[in-house]
Protein chains: 2
Amino acid sequence: MTTPASPRLLEHPAREEIRLEAVLHALSDAVRLRIVRELAAARTELSCSHFVLPVTKSTTTHHFRVLREAGVIRQDYRGTAKLNGLRGAELDALFPGLLDTVLAAADAQSAREGAGEAPGASPVTATASG
Amino acid sequence: MTTPASPRLLEHPAREEIRLEAVLHALSDAVRLRIVRELAAARTELSCSHFVLPVTKSTTTHHFRVLREAGVIRQDYRGTAKLNGLRGAELDALFPGLLDTVLAAADAQSAREGAGEAPGASPVTATASG
DNA sequence: GTCAAACTACGAGGATCCTCGTACAATGAT
DNA sequence: ATCATTGTACGAGGATCCTCGTAGTTTGAC
């Protein structure tokens, strides 16, 4: 009777529990915004280890948790890995267009700075947004 | 030779200096989001004293400064008062649709909570967004 | 000059946040 | 069972943030 079948469960806020202020705060950090952009560009769930971030593993865990607790991403264990996926549909139902708009704004800012912070591969990926 | 004609000048970030992270952070606070919503609903410049906020005057000044330094609002002195106006056009040029989307999200959340935090007059104002 | 109104500056308290290092837990393969 | 992989927990340091009170500045009216 130690631990049944459930491997490791993570708490997520219910859709109705998601607060706009928390979402905006979650997206207001450069590292987290980068994570979200990569997740959006990938269109799939990605493991934490997939990300190459300018912070340590501990800090990475922290940022993923902030995103999860704000309701921006969903996390599920898959073997030793933990898959992260955007809660795009839910967010869109709650705050129509918010995520896409922020993502577009981030792309625009990135392009303006001419930096190499592009999340996907080429900086000319955008065209189809829906 | 103490002070020429300039009454009191305030520093604002140039349009190109505005950072998405700073804007999102500025909007992630409940008090500031409320200020922005009222400003958007008013469609005019409003003095600080016009706002009835759950914080002291000192704190109000602080929040207005955060909004100004993030590039969300523009502040100008007008006699003893200080008029605040949204930098909507500039923000929209930089981050298309961002402000409107956040404003709509805030309205949606407000409506969901059934609270009396409505910025304008009636809670049924939305219809024409552009 | 005097007075009221509107806002700021400064400093402080307390909370939250970002970052890290080290130690630990869970899974899958050997 | 042993080991490597993946990610967590805990605690701590340092920065930033929100809030306030008090004192001070600028403007306009009397």
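In what follows, every chain begins at residue 1, and chains take the letters A, B, ... in the order their sequences are listed. We use all heavy atoms of the structure for the numbers below, so side chains are in, but hydrogens, waters and symmetry mates are not.
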Exercise. At under 4.0 Å between heavy atoms, what does A:T60 touch on the DNA or RNA strands: base, sugar-phosphate, or nothing?
Worked result: nothing

Problem set entry | Salt bridge B:E45-B:R78, side-chain N to carboxylate O under 4.0 Å | no

For this session: Round to a whole Å and report the spacing from CG of A:L10 to P of D:dT6.
Result: 18 Å

Problem set entry | Whole-Å distance separating the CZ atom of A:F64 from the P atom of D:dA9 | 15 Å

Exercise. Quick one: B:L46 CG to C:dA6 P, roughly how many Å, whole number?
Worked result: 14 Å

Exercise. Are side-chain N/O atoms of A:T56 and A:S58 paired as donor and acceptor at under 3.5 Å?
Worked result: no

Exercise. Given atom CG of B:D76 and atom P of C:dA6, what is their separation to the nearest angstrom?
Worked result: 18 Å

Exercise. Between D:dG7, D:dG28, C:dC7, which nucleotide has the shortest distance from any of its atoms to the side chain of B:T80?
Worked result: D:dG28

For this session: Measure from CZ on A:R78 to P on D:dG7 and round the result to the nearest Å.
Result: 14 Å

Seminar exercise, completed: Given the options A:N84, A:V36, A:I35, A:V66, A:V72 meets side chain to side chain contact (heavy atoms under 4.5 Å, CB included) only with A:V36

Exercise. Within this structure, what is the CG-to-C1' distance between A:L83 and C:dT27, rounded to whole angstrom?
Worked result: 13 Å

For this session: Report the residues that fulfil ring pair (Phe, Tyr, Trp, His ring centres under 6.0 Å) with A:F95, sequence neighbours left out, ordered by chain and then residue number.
Result: none

Exercise. Do any side-chain nitrogens or oxygens of B:S49 fall under 4.0 Å of OP1 or OP2 in C:dC7?
Worked result: yes

Problem set entry | A:H12, A:E11, A:R68, A:R65 screened by side chain to side chain donor-acceptor pair (under 3.5 Å) with A:Q75, the one that passes | A:R68

Seminar exercise, completed: Reading nucleotides 9-24 of chain C from 5' to 3' and marking B where a protein heavy atom lies under 4.0 Å of the base, S where only the sugar-phosphate is that close, and - otherwise, the string is B-------SSBBBB--

Seminar exercise, completed: Taken to the nearest whole Å, OH/A:Y77 to P/C:dT27 is 9 Å

Problem set entry | Distance, nearest 0.5 Å, that separates CZ of A:R87 from CG of A:L39 | 13.0 Å

